[in-house]
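Structure, as structure tokens:
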Amino acid sequence: MPELPEVETMCRGIEWIVGRRIARVSKPACEYRPISITPSVTTINKKLAGAKVERVSRLGKRVLIHAADHALILQPKMTGMVSLEDPPDLDHNRLQIDFKGWPTLQLFFWDRRGLGTVELQHEDAIEERIVNGKLGPDALTITFDIFSEKLSATSRAIKVALLDQKLLAGVGNLYASEMLHVSKIHPEKPCNKLTKLKKRLLYEVMQRVLLDAIAHEGSTLSDGTYRNALNNPGSYQNQHLVYDRANEPCPSCSLGTIRRIVQAQRSTFYCPKCQKK
DNA sequence: CATATGTCCTGAGAGC
DNA sequence: TGCTCTCAGGACATAT
């Protein structure tokens, strides 16, 4: 489930494509239901073939490849991967970009479950169509004042609010549990009841956890799906304190036992002893 | 408007 | 062993 650190790792891993010209964009034959690609691959190929990749950027949990005044926007969602290495299999290879010149270079958008999407947007339309209404400030660049203000404006549980991409872009289910644990905040705490001090702590911890996870190239969970662009697993899963550790002793206080609860139909993990309501 | 719930999809793992 | 069932959760659509 690529979140900000995994998507950031993907972006850094495909930097090799910057400066290279696109030979063709194609959709490999695939027996599964095709993923959402707009406009058609044929149209995307017409726009991008021959164009030089200007840069790669990240917007929340999306990867943007900029070329020919457009951005090809890859949204991995649950099981998508953007990689320069051969994907785990060809059956789930959803989009492929071949580059001109030497050495041979191909980019794969591989997605086992096929929930991911691909779209091509003109640079001028990105702000309006992607950012406005869909994404809040990025979790790594939001200021504390805005963060604090946004939390004060809602009574939702903090864990649920952290997953709202309109409030804050980049945090997903795994890192939300981790950062609340480190901050010693109960996941069901209503946002507008957090003290300014707690919000400040969460803000600092959020950035530390995300940067630390980037340094470890993200988390590869037991299904082994996520890989960096060179096909190696991340290592932040070894740093997880609570995620997917239900019934284990709390590594922070060693008094509590990690609990799993469900919030907004998603698993939340926390220690009832050191994350009091 | 704010918030809550349902849905998409495939494969891993549990249980029988 | 092989079948069926449940679950994983990002983001959007729809409902309250």
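Chain letters run A, B, ... following the sequence lines, proteins first, then strands; residues in each count from 1.
The phosphate of dC9(B) has OP1 or OP2 within less than 4.0 Å of a side-chain N or O from Arg33(A). Distances shown here put every side-chain N or O of Gln265(A) at or beyond 4.0 Å from the OP1 or OP2 atom of dA4(B). Distances shown here put every side-chain N or O of Thr79(A) at or beyond 4.0 Å from the OP1 or OP2 atom of dT10(B). Between Lys134(A) and the phosphate of dC12(C), there is a side-chain N or O to OP1/OP2 separation shorter than 4.0 Å. Listed pair Thr117(A) / dA11(C) fails the phosphate criterion, with no side-chain N or O lying under 4.0 Å from OP1 or OP2. OP1 or OP2 of dG11(B) sits under 4.0 Å from a side-chain N or O of His92(A). Considering only side-chain N and O atoms, Arg156(A) lies under 4.0 angstrom from the phosphate OP1 or OP2 of dT3(B). Side-chain nitrogen and oxygen atoms of Ser155(A) include none within less than 4.0 Å of the OP1 or OP2 phosphate oxygen of dA2(B). Between Lys61(A) and dA11(C) there is a side-chain polar atom (N or O) within less than 4.0 angstrom of OP1 or OP2.
Atom CG of Leu162(A) and atom P of dG9(C) are 15 Å apart (whole Å). In this structure, CD1 of Ile130(A) is placed 12 Å from P of dA11(C), rounded to the nearest angstrom. Between Arg129(A) atom CZ and dC12(C) atom C1' there is a gap of 17 Å when expressed in whole angstrom units. As a whole-Å value, the separation of Leu167(A) CG from dC1(B) P is 16 Å. dA2(B) atom P lies 18 Å from atom CG of Leu163(A), rounded to whole Å. Spacing between atom CZ of Arg245(A) and atom C1' of dA8(C) amounts to 18 Å, rounded to whole angstrom units. When the C1' atom of dG9(C) is taken as reference, atom CG of Leu115(A) falls 9 Å away, rounded to whole Å. In this structure, Asp244(A) atom CG and dA8(C) atom P are separated by 9 Å, rounded to whole Å.
A donor-acceptor contact under 3.5 Å is formed by the side chain of Arg113(A) with the base of dA8(C). Looking at Arg266(A), its side chain comes within 3.5 Å of the base of dG10(C) through a donor and an acceptor atom.
Taking the P atom of each, dC9(B) and dT14(C) are spaced 15 Å apart, rounded to whole Å.
Using a 4.0 Å heavy-atom criterion, one finds that Arg260(A) contacts the sugar-phosphate atoms exclusively. When heavy atoms are screened at a 4.0 angstrom cut-off, Gln75(A) is found touching the sugar-phosphate backbone but no base atom. Tyr243(A) comes within 4.0 angstrom of sugar-phosphate atoms only, judged by non-hydrogen atoms across all strands, and of no base.
In this structure, Tyr243(A) and His240(A) have perpendicular ring planes: the angle between them is above 60°, well past the 30° mark.
Here the CD1 atom belonging to Ile73(A) is positioned 8.0 Å from the CG atom belonging to Leu120(A), to the nearest 0.5 angstrom.
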Next item on the list: Just do the ring pair (Phe, Tyr, Trp, His ring centres under 6.0 Å) check on Tyr236(A) and Tyr175(A) with the steps written out, would you?
Entry: CA-CA 11 Å; Tyr236(A) 195 71; Tyr175(A) 294 102; 5.7 Å; yes

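At distances below 3.5 Å, at least one donor-acceptor pair connects side-chain atoms of Glu178(A) with backbone N or O atoms of Leu241(A).
Under 4.0 Å is where a charged nitrogen must lie from a carboxylate oxygen, and between Asp138(A) and Arg58(A) at least one such pair does.
Considering every non-hydrogen atom in both Ala246(A) and Arg260(A), the closest pair reads CB-CB, 3.9 Å.
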